[in-house]
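Taking it in order: structure first as structure tokens, then the write-up.
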Amino acid sequence: MADAVTAPRQPVHLADYRAPAFAVDQVELEFDLHPQATQVRARLHMHRRSAGQLHLDGRKLKLLEIRLDGEELGDNSYHVDEAGLTIYEVPDRFTLETLVEICPAENTELSGLYMSGSGFFTQCEPEGFRKITFFPDRPDVMARYRVRMTADAQKYPVLLSNGNKLAEGTENARNWAEWEDPHPKPSYLFALVAADLVAVRDEFVTMSGRRVELGIWVERGDETRCGHAMESLKTAMRWDEDTFGLEYDLDVFNIAAVADFNAGAMENKGLNIFNTAYVLASPETATDTDFQNVERVIAHEYFHNWTGDRVTCRDWFQLSLKEGLTVFRDQEFMADQFSAAVKRIADVRLLRATQFRDDAGPLAHPVRPASYLEINNFYTTTIYEKGAEVVRMYRTLMGREAFRRGMDNYIRDNDNSAATVEDFFAAMQAAVPEHNIWQILRWYDQAGTPEITFEETYNPTNRSFMLTLRQHTNPTPGQESKLPFLMPVTVGLLDENGNEMLEETLVFHQAEQNFVFSHIDKPPVASLFRNFSAPVKLKGQSRERLAFLAAKDTDLFNRWDALQQYASAALLEAVAAHQAGRIFQLDAGLQDAIAATLRQAPRDQAFTAEALILPSESLLADDMAVVDPDAIHAVREAARATLGAALRDRFNSMYWECAKVNPADHSGPAMAARALKNAALAYLCAAGDVPRAWEQFNQGANMTDTLAALTQLADKPGEKREAALAAFYDEWKDTPLVLDKWFSVQARANAPDTLARVRALTQHEAFDLRNPNRVRALIGAFSTNQAKFHDASGDGYRLLADMVLRLDETNPQVAARLIAALGPWRRFAPARQALMRTELERILARGKLSPNTYEMASKALA
Ligand code: B3K
Ligand code: ZN
């Protein structure tokens, strides 16, 4: 059972940070593993750093023994409560030994030591270690760990922990193993696995010639689906050496996969634990997107070895120090494997869809929050993706070489220690002593998405062009007024034929600033914020200018973005017309722009596939004063159908051209061809060619094509839909990751009965509230289905709130995350506002609520 409180716990404030009073030099842990009653003996070798009592965190631990320097402690020399253990008096240097009992089988929160599939697994970030033993469970306490574990030899033959294995053996039908990690680490990076797993092995020789044994541990039968993860790991290891000079620092690197996992994966030192979704991939079971996600997450966790593990965070307010930086690193890695522009487009799409949404509502928080009730609520796109944007701005401002010097400084100066955002800044600033970049720090502490407006003046007499930029950031909770941000603005000036006259990066740091370009022979067209040089909203570009840039911009990202912005403007105009009762008419310019995009398809298939996707319904909603989900849905669907019909021949020929690619080929070009083919399929189906999807579904060439076809079929009620869903279920009911797709495809469906089906699926025998992937596949996916989730009846909201309340009893982390979908309630018309608010209030009215869910629901309502 999860922890529950009736009253909110006290928030933790960044301003209250104090260095720990005690250091832990060495930790010895002994686990006697049993599902119902595991005993954990901990010997902590500690010393005092400042005055004060010794307090160790601990939750739901049954204390069996306690000794200080070998002497048993009397009852009145210590105190245990629900937060931990206090010992009134300790010497300056001592060894504390405790023995506790915990129950992994009943740990449904999936934080601490828990059971899943064939064994025991841990998840300690951020505060799970305190559910395993009494410890100063905070990242600025770094210690060396030695671990011994014993478990039933038959049931749990594989015993893993961080670092290197020292010894192993079998005694009385129980296996034991001892592991030692030579690197000091915070408790959140501790990991243990005891399960019936098999390994896929390989090796990697580092740049200095050291041999590293690699192992990926999975359930028997899954070995055949690990090849891509292993290749990705080796590619990532080489990339970090080549790009940042960072070499792996242990002789072993293990990855263990687990089916029940709250997050994507976890960077425990030398023993990463992964959600199976980010390890297992084969063409029959994984889509191209899955393949890319495996590669990205494998790289991300591996990169944490330096940005996270060797240099960790002083406290959880600094979470983005490791997450933003590591996301930036995985973005760069992926950009180097495929197309940089397409990767940038995908990243910005995600940022706008989730981070911009959160930043505009009651859940907005800075990249470094000032306080929290439950840190698990802060693993957000603001901390991760906006944090990565801030790192990217450093690099854009400094240039690649100086940024690399800054990274070298950062690692060298903070190695084996717990750092802050200021430490990162100091390392970067030291690499560019000639520029003062302190103002970039505001991005960490001020929330909200800056809105940028601009003016242009061309002076033919002195051949100068002046660009005036203005920035404004709306208030966010607790931050009424904002100071200007420092941001790089990459600007390209084009002539009337689209020839590039210049490209420059401006440093914009005032509320309003003028930039003058000289020797400009004719009035230019400016392409602003190229490659999305800052995470802002650029306002006020005319349709003519957007159409021009969509066709001519030499910056591929901005060409895509101009088309997106143009499409948004055209579709929102159509939404207004729809609301006024007028019949839908497709903007001629939009059709021309899409046709032009199709013509250039052969040059860059991956880019074209991205460019063909119209702005999502939720993105269109962001630009409406009062969101009308029904009108947005009707208009976007009408636009897709009209475009599909008007450009049918071109979509057709593109479809067949791209269909030539080998279905088993997972190279970049093959994936690009499939993406384009399936973009064409979506338009053709929108225009009525559903048999095409049926045919593609029945070919079953690979999961990418099958799922793309099933997605189309799921939108259209009728026999084919039922037949396809039934066939898919039959084939994959025993393959959990694929069955997740069966749930999501129905939750995302664009069909009149989606809501009823999702409600029914919550009762399906294969729906399992204990498995976070399944919950995300059904409920998470449904909450992003704008038109259906926001059904005027309010049933969508009710369904979500029902799930939150049920889940809160077992897994509050997953429950609380779902609430974000109700965050934007103020953006809707009064009827929907009331329905959404009612559900938030219903959640809060529950007497016993986890701090996770309490924090999200109360902040969403505030
Ligand atoms: N650091 C982990 C996140 C753990 C989530 C805890 N709720 C994964 C990652 O970002 O690499
Ligand atoms: Zn991470």
Side-chain angles (χ1 to χ4, degrees), residues 2-3 107 109-112 114 121-131 137 139 162 185-191 232-233 236 240 255-258 260-275 277-279 293-313 315-316 318-334 347 350 367 369 372-388 391 418 772-773 775-776 780 807 811-818 820 850-853 855-856:
D3 262 13
N107 181 351
E109 293 178 327
L110 312 185
S111 135
Y114 66 95
F121 295 83
T122 55
Q123 170 56 32
C124 291
E125 184 180 359
E127 297 180 336
F129 195 69
R130 63 189 62 188
K131 298 180 202 165
D137 190 14
N162 314 86
K185 65 167 176 287
S187 50
Y188 81 86
L189 292 173
F190 167 79
S232 303
L233 175 59
D240 217 14
I255 290 175
V258 59
D260 301 294
F261 202 68
N262 283 347
M266 179 63 211
E267 69 264 25
N268 316 297
K269 184 77 185 186
L271 174 55
N272 285 189
I273 295 184
F274 265 65
N275 188 324
Y278 296 105
V279 176
N293 282 338
V294 167
E295 184 157 5
R296 174 176 62 80
V297 179
I298 291 266
H300 178 98
E301 305 309 332
Y302 174 72
F303 296 155
H304 267 314
N305 188 59
W306 282 95
T307 52
D309 298 4
R310 283 286 286 257
V311 179
T312 193
C313 302
D315 53 69
W316 292 119
Q318 322 291 327
L319 182 56
S320 192
L321 179 68
K322 76 175 174 81
E323 295 305 347
L325 178 54
T326 305
V327 170
F328 171 76
R329 276 151 55 65
D330 84 52
Q331 289 177 345
E332 288 299 287
F333 167 75
M334 291 300 279
D347 291 339
L350 171 73
V367 171
Y372 60 77
L373 216 53
E374 172 50 64
I375 184 59
N376 275 299
N377 286 334
F378 287 82
Y379 288 76
T380 59
T381 47
T382 298
I383 305 294
Y384 277 66
E385 277 73 21
K386 188 173 179 184
V391 175
N773 286 356
V775 173
R776 286 185 282 256
L807 256 175
N811 191 333
Q813 276 187 44
V814 175
R817 288 200 147 244
L818 295 173
S850 69
N852 310 57
T853 297
E855 179 173 43
M856 292 296 283

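Ligands are counted one by one from 1 in listed order, and the atoms in each one are counted from 1 as well.
- No hydrogens or angles considered: nothing links the side chains of His300 and Thr326 as a donor-acceptor pair under 3.5 Å.
- The contact set between ligand 1 and Glu125, taken as ligand atoms under 4.0 Å from a residue heavy atom, comprises 1 (N), 2 (C), 3 (C), 4 (C), 6 (C).
- Counting heavy-atom neighbours within 6.0 Å of Phe121 CZ, excluding the residue itself, gives a total above 12.
- Listed by number with element, the atoms of ligand 1 under 4.0 angstrom from any heavy atom of His300 are 9 (C), 10 (O), 11 (O).
- Atoms of ligand 1 found under 4.0 Å from any heavy atom of Met266, numbered from 1 in the order shown, are 1 (N), 2 (C).
- Between Phe190 and Phe129, the ring planes are perpendicular. Angles over 60° get that label, and only those under 30° would be called parallel.
- Residue contact check: Asn376 has heavy atoms under 4.0 Å from atoms 6 (C), 7 (N) of ligand 1.
- Nearest to atom 10 (O) of ligand 1 among the protein's heavy atoms is Tyr384 OH, 2.5 Å.
- Listed by number with element, the atoms of ligand 1 under 4.0 Å from a non-hydrogen atom of His304 are 9 (C), 10 (O), 11 (O).
- Heavy-atom proximity to Lys322, at under 4.0 Å, picks out these atoms of ligand 1: 1 (N).
- For Gln813 and Asn852, the side-chain atoms include no donor-acceptor pair closer than 3.5 Å.
- Using a 4.0 Å cut-off between a side-chain N of Lys or Arg and a carboxylate O of Asp or Glu, Asp240 and Arg329 qualify as a salt bridge.
- Taking the six-membered ring where tryptophan is involved, the planes of Tyr188 and Trp316 are perpendicular, since the angle between them exceeds 60° and thus also 30°.
- The proximity of Ala265 to ligand 1, defined as any non-hydrogen pair under 4.0 Å, is limited to the backbone.
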Practice problem: With side chain to side chain contact (heavy atoms under 4.5 Å, CB included) as the test, would you mind laying out the steps for Ile298 and Tyr278 before giving the verdict? | Solution: CA-CA 7 Å; Ile298 291 266; Tyr278 296 105; over 6 Å; no
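- Under a 4.0 Å N-O distance rule, the pair Glu301/Arg296 does not qualify as a salt bridge.
- Not a single N, O or S atom of Glu301, from either the backbone or the side chain, sits less than 2.8 Å from the Zn ion (ligand 2).
- Close approach of ligand 1 to Gln813 is summarised as follows: ligand atoms under 4.0 Å from at least one heavy atom of the residue are 7 (N).
- Near Glu267, meaning under 4.0 Å from one of its heavy atoms, ligand 1 places the atoms 1 (N), 2 (C), 8 (C), 9 (C), 11 (O).
- Taking the Zn ion (ligand 2) as the apex, the angle formed with NE2 of His300 and OE1 of Glu323 is 110°, to the nearest 10 degrees.
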